[in-house]
Amino acid sequence: MQNVLVYVEHKKGQTRKVTFELATQARELADKLGGKAHAIVLGAGAKALAEQLASYPLDAVHYSEDGDVDAYLADPTIAYVQAAVAAIGPSLVLVPNTMQGRDIGSRLAARLGAGYAADVTGFAVDGGALVVTMPKMGGATISQAKFNAADHGIAAVRPNAFGAAKGGSGATVLELSKVSGAYRITIENEVEEASGELGLEEAATVVAGGRGLGGPEAFTGILKDLADAFGGAVGASRAAADAGWVPYSLQIGQTGKTVSPNLYIGVAISGAIQHKVGMRSSGTIVAINKDGQAPIAEFCDLLVVGDAFAIVPELTKLVRAAKA
Amino acid sequence: MKIVVTVKLVPDTNAEKRIDPGTQRLIRTGVETVLNPYDEYALEAALALKEKLADGSTVTVLAMAPEATKETLRKALAMGADDAVFLTDAALAGTDTLGTADVLAHALKNIGFDLVICGGLSDDGSTGGVPGALAEFLAVPGITNARSLEIIDGRVHAQRETDNGYQVVSAALPVMLSVTMAVGEPRYASLKGIMGAKKKPIAPMALANIGAPGSAGAAGAKISLLSTAPPPVRGKAKVVEATDGLSGAQAVLDFLKERKLV
Ligand SMILES: Cc1cc2nc3c(=O)[nH]c(=O)nc-3n(C[C@H](O)[C@H](O)[C@H](O)COP(=O)(O)OP(=O)(O)OC[C@H]3O[C@@H](n4cnc5c(N)ncnc54)[C@H](O)[C@@H]3O)c2cc1C
Ligand SMILES: Nc1ncnc2c1ncn2[C@@H]1O[C@H](COP(=O)(O)O)[C@@H](O)[C@H]1O
């Protein structure tokens, strides 16, 4: 394993923080492995994004705006990444540990016969071998594992696990030549439900609400305001998603998303184990709950016992004032 | 149509998982084995589809797991699966994500299928990597994270969840599909179902039956586990009783300032 390739997830050229974290990490790993750091951006908006990525410490950014990428699910994307891997040579491929990243990473691993490590939060190079750190069992254990083969490996990297820094002498931006294939899954339509400028999994601050909020209004109102004050994202417990107050894409936990923001604020969430496994590795955990005995008391850093409807709007004002 | 649901058998998801400090392994004593919760949603989607098609379609469940956990599959049969295949082999210990997908693909080719339905994520491994890799090994279209599905004229039409909404996609059968929990709450097993499940077949399968894929076991693994440890401990929480909204908010702000988070 020498060269490192970052798969860039984006929508029409809009990407997220995790992309820059991966680019920065790719540089570090490429230096340790004695190789080059590359990135690949595919689909509508790829060219502009590739140019933006050139200010990160990468050696080359490859792009294609081929319409197939947005017309068919997964297959064209994999075909392009596979072609890039073949051209770039033996490599470690970094994908974000998001719904799309996992999909691309695991399929690519199968095609390349490469090892696949999911939810990676740390890397080390030990005598030429790449060692990864991964939380398992919903964060109840932390495992270390090693890629056995020296040629290819795929790592799905947890957002917020690494820092991002611009730098380097400017990457070369290269257009990929057309890759064709018999693609089988047609994308007929795409619908946006949540105002997803910022992905829940990538947000540095998550403000999550639970059943105690009593209805959908609080999620689009006081909770959204607080999240906005931090520049963060709104999340939810399953009870709130089941009640139909928020789409399931906002659910955190065992059957939802895993988040590890620097700051997680749980509002009117009891902290059931199935919720806990989706957020326990957050940096700082603050809970606002009217019940001082709620299970979340056992794994938060600060518990404020009181009424969410009274506290949250005041907190929004204080945060805004502090940031002004 | 033949529908096969892959189900993983995992330690009870409601139990707090702890590591034995001596052996560094998960403490399994007193922890029951259950169907991976996500896979109950996959099974529900399969059963609902079978009922809707009402054309003699069947639902088979397939699990790859240690011998001792076999009876856990009865629950899937009690929920309404027609039969089960239990893939077990001493040589499977140490199989990694890619190996699991490859071995399951070999088993599925042996069983035969029109539609394979997976859960989205396993509770213990949580790699979420098996479904995508499985589609590749089966060389069929893979539709992940579906929240609803329909079969029309031999094509699967599905809504699949994305980070901020959904996509409408379609592909011709045979297909591998993984679901999210939005496909609908898994049904409870009825008393009749539980009684009937005792008579339903659980067919054993070993690696020798499926061509002994080289990806099985620790020897075939592309990734090897080096160590397992408990996560870093979080200190005891600071607790503040808010007398009113502002005092509660101030307590949060002070704390965040202390930690340089605002
Ligand atoms: C197989 C399975 C999978 C699951 N997966 C998930 C998952 O992925 N994610 C998940 O979250 N859950 C999951 N659950 C559900 C989980 O067990 C809990 O039921 C759920 O997390 C509870 O949500 P909650 O905390 O919002 O609601 P509750 O447990 O009802 O808690 C509400 C809290 O709000 C507080 N409260 C009420 N009013 C106020 C107020 N005005 N101000 C302040 N506090 C207030 C209460 O004191 C209480 O602590 C799963 C369950 C199962 C069985
Ligand atoms: N050992 C197994 N036996 C049967 N199905 C499995 C097994 N491991 C994973 N799966 C399937 O793959 C899905 C995703 O699991 P994972 O990739 O481990 O998170 C699960 O929900 C199951 O449907």
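In the text below, chain A, chain B and the rest are named by the order of the sequence lines, each starting its count at 1. Computed from heavy atoms alone, side chains included, the values below leave out hydrogens, waters and symmetry copies.
Note on A:D119 versus A:R102: no salt bridge recorded, every NZ/NE/NH1/NH2 to OD/OE distance being 4.0 Å or above. Ion pairing between A:D126 and A:K146 fails under the 4.0 Å rule for side-chain N and carboxylate O. Using a cutoff of 4.0 Å between basic side-chain nitrogens and carboxylate oxygens, B:E185 and A:R238 are scored as salt-bridged.
Of the two parts of A:F230, only the side chain, counted from C-beta on, holds a non-hydrogen atom closer than 4.5 Å to a non-hydrogen atom of chain B. Looking at A:T133, neither its backbone nor its side chain comes within 4.5 Å of chain B, counting heavy atoms on both sides. Only the side chain of A:K257 comes within contact range of chain B, with heavy atoms under 4.5 Å apart. Only the backbone of A:A114 comes within contact range of chain B, with heavy atoms under 4.5 Å apart. B:T162 touches chain A through backbone and side chain together, each having a heavy atom under 4.5 Å away. Of the two parts of A:L302, the backbone and the side chain both hold a non-hydrogen atom closer than 4.5 Å to a non-hydrogen atom of chain B. For A:I154, no part lies under 4.5 angstrom from a heavy atom of chain B. Heavy atoms of A:E201 lying under 4.5 Å from chain B belong exclusively to its side chain. Residue A:A117 touches chain B through both its backbone and its side chain, counting heavy-atom pairs closer than 4.5 Å. Proximity to chain B (any heavy atom under 4.5 Å) is restricted, for A:V131, to the side chain, taken from C-beta onward. With a 4.5 Å cut-off on non-hydrogen atoms, A:Q274 touches chain B through its side chain but not through its backbone. Using a 4.5 Å cut-off between heavy atoms, B:A182 contacts chain A through both its backbone and its side chain. For a residue to count as touching a neighbouring chain, one of its non-hydrogen atoms must lie under 4.5 Å from one of that chain's; by this rule B:L98 touches chain A with the side chain only. With a threshold of 4.5 angstrom between heavy atoms, B:L256 approaches chain A through side-chain atoms but not through N, CA, C or O. With a threshold of 4.5 angstrom between heavy atoms, B:V140 approaches chain A through N, CA, C or O but not through any side-chain atom. Using a 4.5 Å cut-off between heavy atoms, A:N189 touches chain B through backbone and side chain atoms alike. Interface remark: A:K11 contributes side-chain atoms only to the contact with chain B (heavy atom separation under 4.5 Å). For B:S224, the parts sitting under 4.5 Å from any heavy atom of chain A are the backbone and the side chain alike. Looking at A:L318, both its backbone and its side chain come within 4.5 Å of chain B, counting heavy atoms on both sides. In this structure, chain A has heavy atoms under 4.5 Å from both the backbone and the side chain of B:Q250. Proximity to chain B is limited to the side chain of A:V286, based on heavy atoms less than 4.5 angstrom apart.
Looking only at distances, no side-chain donor or acceptor of B:T69 sits under 3.5 Å from a matching main-chain atom of B:L9. A:N289 places no side-chain N or O within donor-acceptor distance of the main-chain N or O of A:V267, the cut-off being under 3.5 Å. The main-chain N or O of B:T243 is found under 3.5 Å from a side-chain atom of B:S247 such that the two form a donor-acceptor pair. Remark: side-chain polar atoms of B:R155 are paired, donor with acceptor, to backbone N or O of B:S170 under 3.5 angstrom. At least one donor-acceptor pair closer than 3.5 Å links the side chain of B:D96 to the backbone N or O of B:I223. The closest donor-acceptor contact from the side chain of B:E44 to the backbone of B:R187 lies under 3.5 Å.
Heavy-atom pairs under 4.5 Å with chain A were tallied for B:R234, B:K238, B:Q167; the largest tally goes to B:R234. Of the listed residues (A:I265, A:V132, A:L108, A:D103), the one with the most heavy-atom contacts under 4.5 Å to chain B is A:D103. Note: A:L73 leads A:I78, A:L73, A:T316, A:D307 in heavy-atom pairs under 4.5 Å with chain B. Most heavy-atom pairs under 4.5 Å with chain A: of the set B:L134, B:V233, B:L253, B:V175, this distinction falls to B:L253. Your options are B:P131, B:A105, B:P141, and the one with the most heavy-atom pairs under 4.5 Å with chain A is B:P141. The candidate from B:G120, B:G142, B:A135, B:P37 with the greatest count of non-hydrogen atom pairs under 4.5 Å with chain A is B:G142. Heavy-atom pairs under 4.5 Å with chain B peak, among A:A308, A:S282, A:A322, A:P313, at A:S282. Chain B forms the most heavy-atom pairs under 4.5 Å with one residue out of A:G283, A:A145, A:A310, and that residue is A:A145. Chosen from B:P232, B:P231, B:A171, B:G248, the residue pairing most often with chain A at heavy-atom distances under 4.5 Å is B:P231. Of the listed residues (B:T180, B:N145, B:D244), the greatest number of heavy-atom pairs within a distance under 4.5 Å of chain A belongs to B:N145. Your options are A:R280, A:Q100, A:M134, and the one with the most heavy-atom pairs under 4.5 Å with chain B is A:R280. In terms of heavy-atom pairs under 4.5 Å with chain B, the best-connected choice from A:R107, A:R111, A:E190 is A:R107.
Both tests pass for A:K276 against the ring of A:F299: distance under 6.0 Å to the centre and angle within 45° of the axis.
When all heavy atoms of B:S215 and B:V103 are compared, the pair lying nearest together is OG-CG2, 4.1 Å. The shortest heavy-atom contact between B:A101 and B:A133 is CB-CB, 3.6 Å. For A:R16 against A:E9, the heavy-atom pair with the smallest separation is NH1-OE2, 4.3 Å.
Residues B:T6 and B:D39 are not in side-chain contact: their nearest non-hydrogen atoms beyond the backbone lie 4.5 Å or more apart. Residues B:E161 and A:Y248 meet the side-chain proximity criterion, which asks for heavy atoms closer than 4.5 Å. Within the 4.5 Å cutoff, the side chain of B:D12 has no heavy atoms near those of the B:T33 side chain.
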> Run the side chain to side chain donor-acceptor pair (under 3.5 Å) check on A:T121 and A:R158 step by step: do they pass?
Replying inline: CA-CA 6 Å; A:T121 59; A:R158 182 184 279 207; over 6 Å; no
>> Go through it in stages, so that I can follow the logic: the residues are B:Q159 and B:R147, the test is side chain to side chain donor-acceptor pair (under 3.5 Å), and I'd like the CA-CA distance, side-chain angles, deciding distance and then a yes or no.
In response: CA-CA 6 Å; B:Q159 279 187 11; B:R147 65 177 200 184; 2.9 Å; yes
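For the residue pair A:T284 / A:D301, no side-chain donor-acceptor distance below 3.5 Å is found, with atom types taken as modelled.
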